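Start at 1 and go down the list; that is how both ligands and their atoms are numbered. Quantities reported herein were computed from a predicted structural model and do not represent experimental measurements.
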Amino acid sequence: MVVNILRAKHIFKVVFVGDPAVGKTSLVARHVRSSFRENYIPSLGANITSNDYLIDNYAVTLLIWDIAGQEIFSNVREKYYAGAKAAFVVYDVTRPETLNGTKIWVDDLKKFVSLDIPLILVGNKIDLERKISRKDGEAFANKLNAQFIETSARTGDNVPEAFREIAETLINKLVKHV
Ligand code: G3D
Ligand code: MG
C-alpha cells in the first residue's frame, strides 16, 4: 500500500512567464526535445509539453505551459495561469529591462494563483555578454522570494537543473511538507 502511494503519479502544472524574447520557448524546446509530447491549444495561445521525473521514488510529471505568442491577452490570462503550481520567471541577462519586467509578471501571476506557489527566477542567455551580474540576479530573486538559476538555452547550460529544481521543490512541498 505504501509502495503504491509512493509510486502514484504527481502531476503539476507549471507556467513560463517573462518578457518577449527572453528565451522561454527556447528553454522548453531545449529541455523537452528528447522526450516530448506537445500540444498547441490555439484558444489559449499556449504550448503544453510534459516531462516526467523520478524523485526519491516519487513519480512527478510537469505539465509545462508556454505562451505561444509574444503577448498574453487578458481574456486567456486567467486560463493560462489557472491551477499553476509553480512558475518559471525568465529574464535575459543581456537586457536589464527584462529583469524589472519579471516583477510585473509575478504581480500579475499572483492575481490568479495562490500567493505561495514556488517561483524560480531564471537568468537566461549566459552564453552572451551579460549586463546583469549573478549577484544582482540573486538579490532580485530574494526580493521576489524565488529560487534562482542562470541558464543558456543555446548551450543547454543548467537547463535540466532548472526543471529538476522545480520538480523537487514541488514534490518536497506536497509530499514531505518541507
Ligand atoms: P520567448 O519565448 O521568451 O519569446 P524565444 O523567447 O525562446 O523565442 O527566444 C528569443 C530569441 O532568443 C531567439 O532568437 C532565441 O534563439 C534566442 N535565445 C533564447 N535563449 C537563448 C540563449 O540562452 N542564448 C542565446 N544566445 N540566444 C537565446 P531568434 O534569433 O531566433 O529570434
Ligand atoms: Mg515564446
Side-chain angles (χ1 to χ4, degrees), residues 12-51 62-113 117-141 144 146-167:
F12 301 104
K13 173 178 174 178
V14 301
V15 292
F16 268 80
V17 296
D19 284 350
V22 293
K24 301 180 294 297
T25 301
S26 302
L27 286 165
V28 175
R30 157 67 69 175
H31 185 57
V32 298
R33 195 167 295 147
S34 50
S35 63
F36 96 113
R37 307 192 286 272
E38 185 170 339
N39 246 315
Y40 175 58
I41 318 271
S43 58
L44 292 178
N47 260 309
I48 304 168
T49 48
S50 79
N51 255 98
L62 296 185
L63 289 179
I64 302 152
W65 287 50
D66 175 32
I67 306 162
Q70 296 288 44
E71 286 275 312
I72 183 163
F73 297 108
S74 55
N75 56 334
V76 297
R77 239 157 79 238
E78 190 165 357
K79 286 181 189 148
Y80 183 77
Y81 291 137
K85 295 291 186 280
F88 290 87
V89 184
V90 186
Y91 68 97
D92 172 347
V93 297
T94 72
R95 288 188 292 140
E97 70 276 14
T98 64
L99 181 58
N100 293 323
T102 61
K103 172 89 174 66
I104 295 162
W105 282 101
V106 169
D107 287 345
D108 195 47
L109 174 73
K110 288 189 170 172
K111 289 181 203 151
F112 297 96
V113 300
I117 69 165
L119 305 175
I120 186 164
L121 183 66
V122 182
N124 187 42
K125 307 199 189 180
I126 55 171
D127 58 293
L128 300 177
E129 197 176 322
R130 64 164 76 225
K131 297 223 175 72
I132 302 168
S133 69
R134 185 183 166 84
K135 201 163 150 263
D136 286 350
E138 263 167 356
F140 211 92
L144 292 176
Q147 293 170 273
F148 180 69
I149 196 163
E150 290 188 324
T151 58
S152 167
R154 174 74 42 94
T155 65
D157 210 11
N158 259 349
V159 176
E161 287 80 0
F163 283 87
R164 194 165 180 92
E165 183 89 31
I166 279 288

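Taking 2.8 Å as the threshold, T25 counts as a candidate ligand of the Mg ion (ligand 2), since one of its N, O or S atoms lies below it.
Here the side chain of N158 pairs a donor or acceptor atom with the backbone of E150 at under 3.5 angstrom. The backbone N or O of A21 sits less than 3.5 Å from a side-chain atom of R95, completing a donor-acceptor pair. At distances below 3.5 Å, not a single donor-acceptor pair connects side-chain atoms of T151 with backbone N or O atoms of A153.
Residue contacts with ligand 1: T151 is placed with no nitrogen or oxygen under 3.5 Å of a nitrogen or oxygen of the ligand (distance criterion only). Annotation: G23 places an N or O atom under 3.5 Å from an N or O atom of ligand 1; distance criterion only. Below 3.5 Å of separation, one finds an N or O of A153 facing an N or O of ligand 1. Polar contact check, K125 against ligand 1: a nitrogen or oxygen pair lies under 3.5 Å apart.
With a 4.0 Å cut-off on non-hydrogen atoms, T25 touches ligand 1 through its backbone as well as its side chain. Contact annotation: for V22 versus ligand 1, heavy atoms closer than 4.0 Å belong to both the backbone and the side chain.
For ligand 1, the atoms closer than 4.0 angstrom to any heavy atom of S152 are 23 (O). The atoms of ligand 1 that sit less than 4.0 Å from any heavy atom of L128 are 26 (N).
The residue among G123, S26, A21 with a heavy atom at the shortest distance from atom 19 (C) of ligand 1 is S26.
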Could you go through V28 and N47, starting from their C-alpha distance and side-chain angles, then the distance that decides it, and tell me whether this counts as side-chain contact (heavy atoms from CB on, under 4.5 Å)? CA-CA 10 Å; V28 175; N47 260 309; over 6 Å; no

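F88 and F163 have their aromatic ring centers within a separation under 6.0 angstrom.
Note that the CG atom of D66 and the CD1 atom of I48 stand 10.0 Å from one another [nearest 0.5 Å].
A salt bridge links D107 to K103: one of the charged nitrogens lies within less than 4.0 Å of a carboxylate oxygen.
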